[in-house]
Number of protein chains: 2
Amino acid sequence: MSDQPPKNSRLRDAVRTQAEILDVATREFAERGYAGARVDEIAALTRTTKRMIYYYFGGKEQLYIKVLERAYTGIREAEQAVDVTGLDPAEAIRHLAQLTFDHHTEHADFIRLVSIENIHRAEHLAKSETLAKAGTPVIDLISGILARGREQGVFRDDTDAVDVHMMISSFAVFPVANQHTFGTLFGRDPLDPARRAHYRRMLGDMVVAYLRTGS
Amino acid sequence: MSDQPPKNSRLRDAVRTQAEILDVATREFAERGYAGARVDEIAALTRTTKRMIYYYFGGKEQLYIKVLERAYTGIREAEQAVDVTGLDPAEAIRHLAQLTFDHHTEHADFIRLVSIENIHRAEHLAKSETLAKAGTPVIDLISGILARGREQGVFRDDTDAVDVHMMISSFAVFPVANQHTFGTLFGRDPLDPARRAHYRRMLGDMVVAYLRTGS
DNA sequence: CGGCTAATGTACGAACTGGTTCGTTAGTAG
DNA sequence: CTACTAACGAACCAGTTCGTACATTAGCCG
């Protein structure tokens with residue numbers, strides 16, 4: 001039981017300070033949008049000062065881009081971890097769709113950042129070198145599933161992987177992205193646990209039913 | 001060919017001034033978000049001055065709420081104009097879905113405002129008396145179609161009108177709401193005319209295929 | 001045609017906000 | 001132990017932004 005100082009006992013720790021700024025900034029940008037986010041507010045919620053944001057990131061915009069990059073990295077990693085070996089095509093696409101649904105409904109901040117970025121016509125996304133060249137593993141995965149489905153004659157063949165990904169994403173994103181307007185107008189919280197489970201099944205059924213329909 | 005002064009020759013016209021402010025404000029808010037929109041900019045794009053925005057609307061937030069109300073009124077009216085008499089249930093739901101798709105892809109400003117409003121957790125929507133109590137005609141329409149479909153034994157019965165509306169909306173909203181991030185990441189503009197027609201058909205097929213699947 | 005009021009324009013100010021300047025200190029290499 | 005540098009903090013600044021006070025006038029009503 002020695003009293004060794006824990007790693008973060010260092011008063012000055014570049015890595016930790018940067019990580020803390022990114023964490024707080026992610027919340028702030030997701031919460032208030034790019035224009036609505038306040039650099040001073042981010043600094044205040046950190047153990048450090050505004051000075052360090054400019055020291056490490058250069059400015060509000062560069063910080064926002066880093067936040068975006070980190071958020072997208074999260075979903076890329078989740079996608080790469082998906083394994084559908086041993087599943088028949090219908091089971092495979094359902095599995096992938098429902099994992100996508102789970103990921104989105106569990107990462108509202110990410111969805112909010114994407115919405116915000118679309119309001120800005122993806123101008124920051126375009127500026128990011130990391131994200132521009134990063135591949136999209138999920139497309140390859142879907143391509144493989146679709147190919148198998150067609151070989152076996154169980155899937156239609158007039159829709160490609162990107163289209164199917166869009167179909168899945170649409171239904172996985174909507175309850176999160178439009179939770180509040182939808183909830184207000186229809187008096188029904190789309191993320192209520194029971195409803196969420198129902199939508200999860202709906203999504204799987206929907207994608208499989210669509211793909212099985214003759215073209 | 002008399003030289004009668006046209007109606008808008010009046011230098012002072014309350015109705016016209018208010019309408020012009022609302023038009024410009026809609027564009028500005030949809031373009032830059034609530035926090036990003038500038039009252040001075042809205043005024044500058046109008047034939048009148050900032051003074052009048054405060055005179056007629058009271059402030060930035062009330063103006064934004066009016067903009068929201070007008071945008072929602074547009075889609076309400078479109079929904080009320082939908083007529084599916086004479087169509088069998090599958091045809092009817094496909095028709096409605098594709099009209100929804102058309103409306104959304106043609107009204108990007110509305111979709112952007114909805115995204116923005118969700119970032120703000122629908123707090124302005126909640127403040128609007130007009131919108132809070134306004135009904136949602138489309139739900140009744142869908143209810144009727146679903147009921148007929150079930151009577152005829154062609155539709156599953158574990159999904160209600162609001163759920164089906166959400167399914168339709170998801171796929172109709174996504175290409176517009178996420179046009180830029182999706183386009184950037186997958187190198188494919190989801191609103192490209194050819195693609196748009198393909199997605200329109202996909203949506204119809206998808207909803208019908210889903211509803212026909214046994215529960 | 002006189003006067004009353006809705007409608008309008010100008011100029012300004014207080015608070016906010018992104019970014020910077022200047023100086024300080026913790027940690028470590030030698 | 002010393003000296004050097006990466007890491008840091010406080011105060012400040014210039015430009016912006018929502019909102020308002022004050023002055024003015026178009027258009028209508030009797």
Side-chain angles (χ1 to χ4, degrees), chain A residues 3-29 31-68 116 119-120 123-124 127, chain B residues 4-29 31-68 116 120 123-124 127:
Chain A
D3 235 6
Q4 277 195 346
K7 270 211 175 123
N8 58 358
S9 76
R10 286 189 60 184
L11 276 80
R12 307 190 159 195
D13 185 331
V15 193
R16 203 220 51 192
T17 301
Q18 290 178 53
E20 194 180 346
I21 291 173
L22 276 177
D23 284 342
V24 173
T26 300
R27 266 176 268 138
E28 176 78 1
F29 281 121
E31 194 70 20
R32 308 192 201 271
Y34 178 73
R38 298 287 167 248
V39 178
D40 283 300
E41 179 67 11
I42 295 172
L45 293 172
T46 301
R47 259 174 295 183
T48 185
T49 63
K50 183 166 58 157
R51 173 72 179 72
M52 301 316 292
I53 293 175
Y54 288 87
Y55 183 66
Y56 285 123
F57 298 94
K60 185 181 184 180
E61 184 176 11
Q62 290 106 305
L63 173 61
Y64 173 72
I65 291 176
K66 286 283 178 215
V67 164
L68 260 191
I116 290 161
I119 295 299
H120 295 282
E123 54 168 308
H124 309 102
K127 282 182 191 164
Chain B
Q4 276 194 346
K7 273 211 175 123
N8 58 358
S9 76
R10 289 189 57 186
L11 276 78
R12 306 191 159 193
D13 185 332
V15 193
R16 204 220 49 198
T17 301
Q18 290 178 51
E20 193 178 346
I21 291 173
L22 276 178
D23 284 341
V24 173
T26 299
R27 266 176 267 137
E28 176 78 3
F29 281 121
E31 193 70 20
R32 308 190 202 273
Y34 178 74
R38 298 287 167 250
V39 177
D40 283 298
E41 178 68 11
I42 295 172
L45 293 172
T46 302
R47 260 174 296 183
T48 184
T49 64
K50 183 168 57 161
R51 175 69 180 75
M52 301 317 292
I53 293 175
Y54 287 88
Y55 184 66
Y56 284 122
F57 298 95
K60 185 181 183 179
E61 184 175 10
Q62 290 106 306
L63 173 60
Y64 173 72
I65 291 176
K66 286 284 178 217
V67 164
L68 259 191
I116 291 162
H120 296 282
E123 53 168 308
H124 309 101
K127 283 182 191 167

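Throughout, protein chains are lettered first and strands after them, A, B, ... in sequence-line order, and every chain is numbered starting at 1.
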Rounded to whole Å, how long is the line connecting atom [atom1] of [X] with atom [atom2] of [N]?
X: A:Tyr64; N: C:dG18; atom1: OH; atom2: C1'; result: 17 Å
X: A:Glu41; N: C:dA15; atom1: CD; atom2: C1'; result: 16 Å
X: B:Glu20; N: C:dA7; atom1: CD; atom2: P; result: 15 Å
X: B:Asp13; N: C:dA7; atom1: CG; atom2: P; result: 9 Å

**OP:** Tell me whether the OP1 or OP2 atom of C:dC16 has a side-chain N or O from A:Arg38 closer than 4.0 Å.
**Re:** no

**OP:** Would you indicate, yes or no, if D:dA7 has its OP1 or OP2 atom less than 4.0 angstrom from a side-chain nitrogen or oxygen of A:Thr17?
**Re:** no

**OP:** Would you give the length of the straight line joining atom CD of B:Glu61 to atom NE2 of B:His120, rounded to the nearest 0.5 angstrom?
**Re:** 10.0 Å

Among residues at least two apart in sequence or on other chains, which ones pass side chain to side chain donor-acceptor pair (under 3.5 Å) with [X]?
X: A:Glu123; value: none
X: B:His124; value: B:Glu117
X: A:Glu28; value: A:Arg32
X: B:Glu31; value: A:Arg121

Original post:
Can you name the residues that form a side-chain contact (heavy atoms from CB on, under 4.5 Å) with A:Ala19, not counting sequence neighbours?
Top reply: none

Subject >> Those residues that, when tested against A:Ile119, pass side-chain contact (heavy atoms from CB on, under 4.5 Å) (two or more places apart) >> reply: B:Arg112, B:Ser115, B:Ile116

Subject >> Sugar-phosphate only, base, or nothing, as touched by A:Ala37 at under 4.0 Å among non-hydrogen atoms >> reply: sugar-phosphate

**OP:** Please work out which residues in residues 54-62 of chain A have a non-hydrogen atom less than 4.0 Å from an atom of DNA chain C and list them by number.
**Re:** A:Tyr54, A:Gly59, A:Lys60

Between protein and nucleic acid, restricted to nucleotides 9-13 of chain D and to nitrogen or oxygen atoms under 3.5 Å apart, what atom pairs and distances do you find?
unit_1	atom_1	unit_2	atom_2	d
D:dG9	OP2	A:Thr48	OG1	2.6
D:dG9	OP2	A:Thr49	N	3.4
D:dG9	O6	A:Arg51	NE	2.8

Original post:
Do A:Arg12 and C:dT25 share a donor-acceptor pair, side chain to base, under 3.5 Å?
Top reply: yes

Original post:
What do the steps show when you test A:Leu22 against A:Phe57 for side chain to side chain contact (heavy atoms under 4.5 Å, CB included), and what is the final call?
Top reply: CA-CA 10 Å; A:Leu22 276 177; A:Phe57 298 94; 3.8 Å; yes

Name the atoms and distances for all side-chain donor-acceptor pairs under 3.5 Å in residues 37-44 of chain B, with sequence neighbours left out.
unit_1	atom_1	unit_2	atom_2	d
B:Arg38	NH1	B:Ala35	O	2.9
B:Asp40	OD1	B:Lys50	NZ	3.2

